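So the structure is just underneath, and the comments pick up after that.
Atoms within a ligand are numbered from 1 in the order they appear, just like the ligands themselves. All of these numbers come straight from a predicted model, not from anything done at the bench.
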Amino acid sequence: EKGGYDYFMLKEIAEQPKAVADTLLGRIGTDGRLTLDELRIDDSVLREIDKVVIVACGTAFHAGMIAKYAIEHWTRVPCEVEVASEFRYRDPILDAQTLVIAISQSGETMDTLMALRHAREQGAKVLAICNTNGSTIPRESDAVLYTHAGPEVAVASTKAFLTQLVACYLVALYLGQVRGTKWGDEIVEIIHQLADAPRQVEQVLETMEPVRELARSLADAKSVLFLGRHVGFPVALEGALKLKELAYMHAEGFAAGELKHGPIALIEEGLPVVVVVPSPRGRSVLHDKIVSNIQEIRARGARTLVIAEEGDEAVVPYADHLVRIPQTPTLLQPLVATVPLQVFACELATAKGHEVDQPRNLAKSVTVE
Ligand code: F6R
């Protein structure tokens, strides 16, 4: 049932183009309009929403962080995102105009379930983004948008994450569509690129051999840092989480701009630092800032592993290792930028002799608070 792969995780990484395609299927019309009829929340309700609050745990939380950038930029509706385990204990401000989005692969995560119950008690509308049909979280929500990743067996989430991103982008775009906000050329381009994401993910998967080789060479590293800006920041957090859970290594993700506020003190000779570089097209200020960040850490001895778009020549002089990803708008970049980080963690853990499908101390579905 591993389909010829040694581990479910490898199989699930390889299934990502299909998982993304299946999650997009039937939701983008030929005219570029979205149809999410299954949502079961009336468009009039979505027009009245004045705030979005996303709750989730772990990898699903990282998807939520990325969703915040997309929702606020495309719809101008304020969006907060919080780890579900903290949410209800701080008495969050919620009312009937709040749309709470609960993201969960399993649909059984207790922290997320308790957060959504709290939200509904306060009168908020809850939309679940979930991969498991008929599980508790969608059953207790007002509405659900299913991801179609298929069953995810490996404990570490991979294909579910990419489909959570797709679902978040669809919800953000749909909110924009029904509210009539910002429906210009940028959105047309985004929808076009989103439809092309399965092909781009496939393209990344085909070029992963150097990443595997690099991962094996780092099996003895004590620590790995991950840096990103904008949506690259949650991608960095996700890369670090994968490495912690699979390779049992110290790994940390930072917003690259925060480096100078403390973490740069960690940089020492030979420390591997993975940097996720935003597209030089579009918001190019961000790109230039991260190039300076790479220069700063390299000057202090870091071994830089740079993930950058094809055609981005500015990073070349500062990259000890360069991983190319296809050109895509920065907001969608996590769909392609996360894949090398999954492969990296999986290969490094395998090189250390770890059981990647069943990491120690972890369970696939966390049904206790
Ligand atoms: C990490 C991982 C966990 C889950 C988290 C939420 O690879 O798998 O961090 O993402 O426990 O699980 P779900 O999405 O089932 O609510």
Side-chain angles (χ1 to χ4, degrees), residues 7-13 15-16 19 23 54-67 81-87 100-117 119 126-141 144-168 226 234-249 251-253 334 338-339 341-349 354-369:
Y7 302 103
F8 279 106
M9 188 174 175
L10 291 171
K11 174 171 176 270
E12 289 163 6
I13 288 173
E15 283 170 347
Q16 293 185 112
T23 302
I54 303 176
V55 291
C57 304
T59 288
F61 169 69
H62 298 151
M65 286 180 74
I66 292 162
V81 49
E82 186 161 8
V83 284
S85 57
E86 285 295 319
F87 184 65
V100 172
I101 304 179
I103 309 174
S104 174
Q105 187 286 129
S106 63
E108 301 297 344
T109 301
M110 190 54 77
D111 288 315
T112 310
L113 180 61
M114 295 313 271
L116 85 83
R117 280 186 186 158
V126 177
L127 164 66
I129 290 178
C130 185
N131 195 47
T132 313
N133 258 299
S135 56
T136 313
I137 287 172
R139 270 195 283 115
E140 293 205 15
S141 299
V144 55
L145 186 68
Y146 281 108
T147 50
H148 298 302
E152 192 179 63
V153 178
V155 165
S157 189
T158 54
K159 62 176 180 171
F161 176 69
L162 258 59
T163 62
Q164 283 161 356
L165 291 178
V166 170
C168 288
F226 294 78
V235 171
L237 294 177
E238 175 61 7
L241 178 62
K242 288 277 107 67
L243 204 58
K244 284 173 203 163
E245 61 182 338
L246 297 167
Y248 318 150
M249 277 166 81
E252 256 189 282
T338 308
V339 176
L341 304 184
Q342 299 167 338
V343 171
F344 179 76
C346 186
E347 187 70 23
L348 205 156
H354 296 172
E355 168 51 72
V356 292
D357 285 340
Q358 287 289 342
R360 69 185 182 199
N361 309 339
L362 293 173
K364 182 65 186 160
S365 165
V366 185
T367 54
V368 291
E369 232 195 313

*asked:* Under a 3.5 Å distance rule, please check whether N131 uses its side chain to pair with a backbone N or O of G150 as donor and acceptor.
replied: yes
*Which residue, Q105, E152, E245, forms the side-chain hydrogen bond (donor to acceptor under 3.5 Å, both in side chains) with S157?*
E152
_Centroid-centroid distance, H354 to Y248, less than 6.0 Å_ = yes
*Could you tell me whether some N/O pair between Q105 and ligand 1 is separated by less than 3.5 angstrom?*
yes
*Just going by heavy-atom distances, which of L362, V366, L241 is nearest to atom 11 (O) of ligand 1?*
V366
_Proximity to ligand 1 by part of E245, non-hydrogen separation under 4.0 Å_ = side chain
*Write out the residue and atom name of the closest protein heavy atom to atom 15 (O) of ligand 1, then the distance separating them to 0.1 Å.*
S106 OG, 2.7 Å
*asked:* Under a 3.5 Å cutoff, is there a donor and acceptor pairing between the side chains of T59 and E238?
replied: yes
*Does ligand 1 have an atom that lies less than 4.0 angstrom from a heavy atom of C57?*
yes
*asked:* Just by distance, no angles: are the side chains of E108 and T132 close enough, under 3.5 Å, to form a donor-acceptor pair?
replied: no
*Which residue and heavy atom of the protein sit nearest atom 16 (O) of ligand 1, plus the separation*: T109 OG1, 2.4 Å
*Of V155, T132, T59, which has the heavy atom at the shortest distance from atom 9 (O) of ligand 1?*
T59
*Does K242 come within less than 4.0 angstrom of ligand 1, counting non-hydrogen atoms of the residue?*
yes
